[in-house]
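Each remark here refers to the structure printed beneath this line.
Remember, it's 1-based here, ligands and their atoms both numbered in the order they're listed. Start at 1 with the first residue, then count along the sequence. The shown structure was predicted, so the numbers you read here are calculated from the model rather than taken from an experiment.
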Amino acid sequence: MVICSVLALFSIFSKSMAEARERTFIMVKPDGVQRGLVGKIIKRFEAKGFKLVALKFTWPSEDLLKKHYADLAGRPFFPGLVKYMSSGPVVPMVWEGLNVVKTGRFMLGATDPKDSNPGTIRGDLCIQVGRNIIHGSDSVEAANKEINLWFEPKELIAWKPASEAWIYED
Ligand code: DAT
Ligand code: MG
């Protein structure tokens, strides 16, 4: 038992920075697609150093969006949210990296663009909460749920970016 615990601890601390990574679910919403912002948004995550694991272009059903936003089902804006989100194609993605869930949320900015700092995606590129162009998971648990909802396991690509050794210390 004690040996197991020591081994488990050792395996946690012996992970390199590149290995100790998590995944997040990011999606360009229909307004982001219609406004031609897909490339700009992907560029920010690429330039930061995060690794693209999955990406597709799809027109989501209301059914899928009701599952995606199940936590908000009781809110007054829910019907409008589902209608807006199913009004056109979206670009769901999975990005991987150290602290990517939290950092991804910082990169997005606050939910309501009027409160999003300049320099964030929402702070720079949109104005109203009901047209805030991008989704990002708010926890590792939510990310795993959302990734499973939008992607098949075989769509998550295992690869090692050539730049990795220059992004992480070890
Ligand atoms: P976030 O997208 O930052 O995780 P959330 O999960 O609280 O925010 O809400 C999901 C989306 O619902 C949000 O991106 C935009 C919409 N939304 C949230 N609050 C709203 C409001 N008060 N009025 C209209 N739409 C709202
Ligand atoms: Mg949310």
Side-chain angles (χ1 to χ4, degrees), residues 17 20-157 167:
M17 285 298 176
R21 58 205 157 191
E22 57 191 34
R23 288 176 172 179
T24 193
F25 177 76
I26 299 292
M27 175 163 57
V28 183
K29 295 181 176 182
D31 46 343
V33 173
Q34 297 288 350
R35 292 179 53 205
L37 297 172
V38 173
K40 208 168 240 179
I41 288 170
I42 291 176
K43 197 174 181 66
R44 292 199 183 206
F45 283 85
E46 269 190 323
K48 175 76 175 163
F50 290 132
K51 173 178 138 182
L52 183 62
V53 170
L55 173 149
K56 59 183 152 188
F57 185 55
T58 178
W59 193 322
S61 66
E62 287 198 9
D63 197 46
L64 177 60
L65 291 160
K66 283 178 185 165
K67 284 184 192 147
H68 175 78
Y69 282 126
D71 292 354
L72 302 173
R75 305 295 289 273
F77 58 81
F78 185 74
L81 175 62
V82 172
K83 193 168 168 230
Y84 146 62
M85 287 297 299
S86 60
S87 67
V90 296
V91 179
M93 299 172 259
V94 178
W95 288 90
E96 186 178 283
L98 189 63
N99 299 320
V100 70
V101 171
K102 195 169 174 213
T103 303
R105 291 287 292 192
F106 280 133
M107 289 169 68
L108 262 60
T111 302
D112 190 331
K114 76 171 159 41
D115 305 318
S116 308
N117 288 325
T120 64
I121 293 168
R122 287 166 172 165
D124 288 349
L125 302 173
C126 58
I127 291 171
Q128 268 202 306
V129 69
R131 297 290 181 273
N132 65 0
I133 70 166
I134 185 165
H135 167 83
S137 311
D138 63 8
S139 66
V140 173
E141 192 192 10
N144 290 335
K145 201 183 110 201
E146 292 165 3
I147 291 166
N148 287 333
L149 187 62
W150 289 85
F151 289 98
E152 304 278 333
K154 67 173 188 303
E155 293 176 303
L156 307 174
I157 308 301
I167 290 170

>> I'd like to know if R44 and D124 make a salt bridge, using a cut-off of under 4.0 Å between side-chain N and carboxylate O.
In response: yes
Minimum side-chain heavy-atom gap [X]-[Y] below 4.5 Å:
{"X": "I147", "Y": "R23", "answer": "yes"}
{"X": "W150", "Y": "L64", "answer": "yes"}
{"X": "I121", "Y": "F45", "answer": "yes"}

> Which residue pairs pass the side chain to side chain donor-acceptor pair (under 3.5 Å) test with at least one member in residues 73-91, sequence neighbours excluded?
Replying inline: D31-Y84
>> Test side-chain contact (heavy atoms from CB on, under 4.5 Å) on Q128 and K114; report intermediate values, then the result.
In response: CA-CA 7 Å; Q128 268 202 306; K114 76 171 159 41; over 6 Å; no
> Any idea which residues sit under 4.0 Å from ligand 1, heavy-atom distances?
Replying inline: K29, Y69, L72, F77, L81, R105, T111, R122, V129, N132
